[in-house]
Amino acid sequence: MATDADIVHLIMKTYRSKKGLPSLPPAGNRKTGPKEPADTPSFFERIYELVRQIPKGRVTTYGALAEASGLKITARMAGWAMYAADRAQPPIPAHRVVNSSGVLSGKDHFSTPTLMQELLEQEGIVVKKDKIQDFKTVFWDPKSP
DNA sequence: TTGTTGACCGAGT
DNA sequence: AACTCGGCCAACA
């Protein structure tokens, strides 16, 4: 079981240096995306705040985050915020957010094709074919922590 | 202004 | 289980 520090270290590998902010695309597949969290009066920080509360070994969904935020935003907007997750400070455990089917839909945004799955497995979560097993058990609802 | 694009979702087939 | 489809809405071109 990895410590929080280990996890943060791994996630940090995907970060561009803070000073070189403009250099975004981690894997070269980023087309457009949200501006810096600070620019948008933001539900960004609100979402990130919730993501930081997800316990190790548990996951939640974009829709659950949107609903729990208390803001009028949709799951799509939560996903939009996660698009800039690598710029969140302090870092957030972005690997603990999956879609409502338990699929690792955001895995392409990590530094390697397997990093997201590896981080989850380190926390004891079983992933098969990009899908979380026993999703109901592992799911954590930010609305009722 | 309009059309297109997403780390989405739920219902339907 | 694996698809579609309509709704969603901020940012871009």
Side-chain angles (χ1 to χ4, degrees), chain A residues 2 4 7-18 20-145:
Chain A
D4 281 333
I7 292 167
V8 167
H9 177 258
L10 280 166
I11 291 176
M12 287 296 282
K13 292 203 305 190
T14 73
Y15 285 20
R16 297 276 161 168
S17 79
K18 276 176 272 183
L21 260 179
S23 52
L24 287 182
N29 55 358
R30 190 198 295 267
K31 298 180 195 169
T32 63
K35 296 182 189 295
E36 295 308 309
D39 297 45
T40 26
S42 69
F43 56 88
F44 286 83
E45 283 306 326
R46 174 68 183 133
I47 294 293
Y48 297 160
E49 188 182 318
L50 290 171
V51 173
R52 289 187 193 103
Q53 292 170 23
I54 306 172
K56 198 183 301 183
R58 305 290 293 280
V59 300
T60 195
T61 67
Y62 304 95
L65 288 171
E67 189 183 351
S69 72
L71 306 173
K72 291 177 185 170
I73 62 172
T74 63
R76 224 184 236 295
M77 289 302 100
W80 180 252
M82 292 304 287
Y83 207 97
D86 58 347
R87 281 169 281 174
Q89 289 298 331
I92 63 177
H95 60 290
R96 296 181 190 145
V97 184
V98 299
N99 73 13
S100 65
S101 307
V103 171
L104 280 51
S105 51
K107 67 165 190 164
D108 291 345
H109 293 269
F110 288 77
S111 62
T112 72
T114 54
L115 181 58
M116 185 176 186
Q117 175 168 341
E118 287 164 6
L119 290 168
L120 289 170
E121 288 172 339
Q122 282 176 26
E123 302 183 359
I125 291 173
V126 180
V127 179
K128 195 186 294 182
K129 299 252 168 96
D130 290 338
K131 189 169 182 175
I132 291 181
Q133 306 299 294
D134 299 314
F135 183 51
K136 280 189 176 178
T137 308
V138 181
F139 176 73
W140 179 80
D141 190 350
K143 196 174 49 183
S144 50

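Nothing here was measured: the structure is a model prediction, and the numbers come from that model. Residue numbers begin at 1 in each chain, while the letters A, B, ... track the order of the sequences. All values below were derived from every heavy atom in this structure, side-chain atoms included, with hydrogens, water molecules and symmetry-related copies excluded.
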Rounded to the nearest Å, what distance is computed from the [atom1] atom of residue [X] to the [atom2] atom of nucleotide [N]?
X       : N      : atom1 : atom2 : value
A:Ile73 : C:dA11 : CD1   : P     : 12 Å
A:Lys72 : C:dC8  : NZ    : C1'   : 15 Å
A:Met82 : C:dA10 : CE    : P     : 19 Å
A:Trp80 : C:dG7  : CH2   : C1'   : 18 Å
A:Arg76 : C:dC9  : CZ    : P     : 11 Å
A:Asn99 : B:dG6  : CG    : P     : 16 Å
A:Glu67 : B:dG10 : CD    : C1'   : 14 Å
A:Leu71 : C:dC8  : CG    : P     : 18 Å

Side chains of A:Met77 and A:Leu71: closer than 4.5 Å at any heavy-atom pair?
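The answer is no; the side chains never approach within 4.5 Å.
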With respect to the side chain of A:Ser100, which nucleotide from C:dA10, C:dA1, B:dG10 is positioned closest?
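Nearest to the side-chain atoms of A:Ser100, counting from C-beta on, is B:dG10.
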Closest listed nucleotide, where the reference is the side chain of A:Tyr62 and the choices are C:dA10, C:dC8, B:dC9:
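Of all the options, the side chain of A:Tyr62 is nearest to B:dC9.
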Rounded to the nearest 0.5 Å, what separates atom CG in A:Leu115 from atom NZ in A:Lys107?
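The distance works out to 11.5 Å.
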How long is the gap from CG on A:Leu120 to CD on A:Glu118, to the nearest 0.5 Å?
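The distance works out to 10.0 Å.
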Is the phosphate of C:dC8 approached by A:Thr74 (side-chain N or O, under 4.0 Å from OP1 or OP2)?
no
Can you see if the side chain of A:Ser105 gets near the phosphate of B:dC8 - specifically, an N or O under 4.0 Å from OP1 or OP2?
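Affirmative; the distance criterion is met.
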Quick one, A:Thr60 with A:Asp141, criterion side chain to side chain contact (heavy atoms under 4.5 Å, CB included). Give me CA distance, side-chain angles, the key distance, then yes/no.
CA-CA 6 Å; A:Thr60 195; A:Asp141 190 350; 5.5 Å; no
Considering every strand and a 4.0 Å limit on heavy-atom distances, what is the contact class for A:Thr61: base, sugar-phosphate, or nothing?
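Counting heavy atoms under 4.0 Å across all strands, the contact made by A:Thr61 is with sugar-phosphate only.
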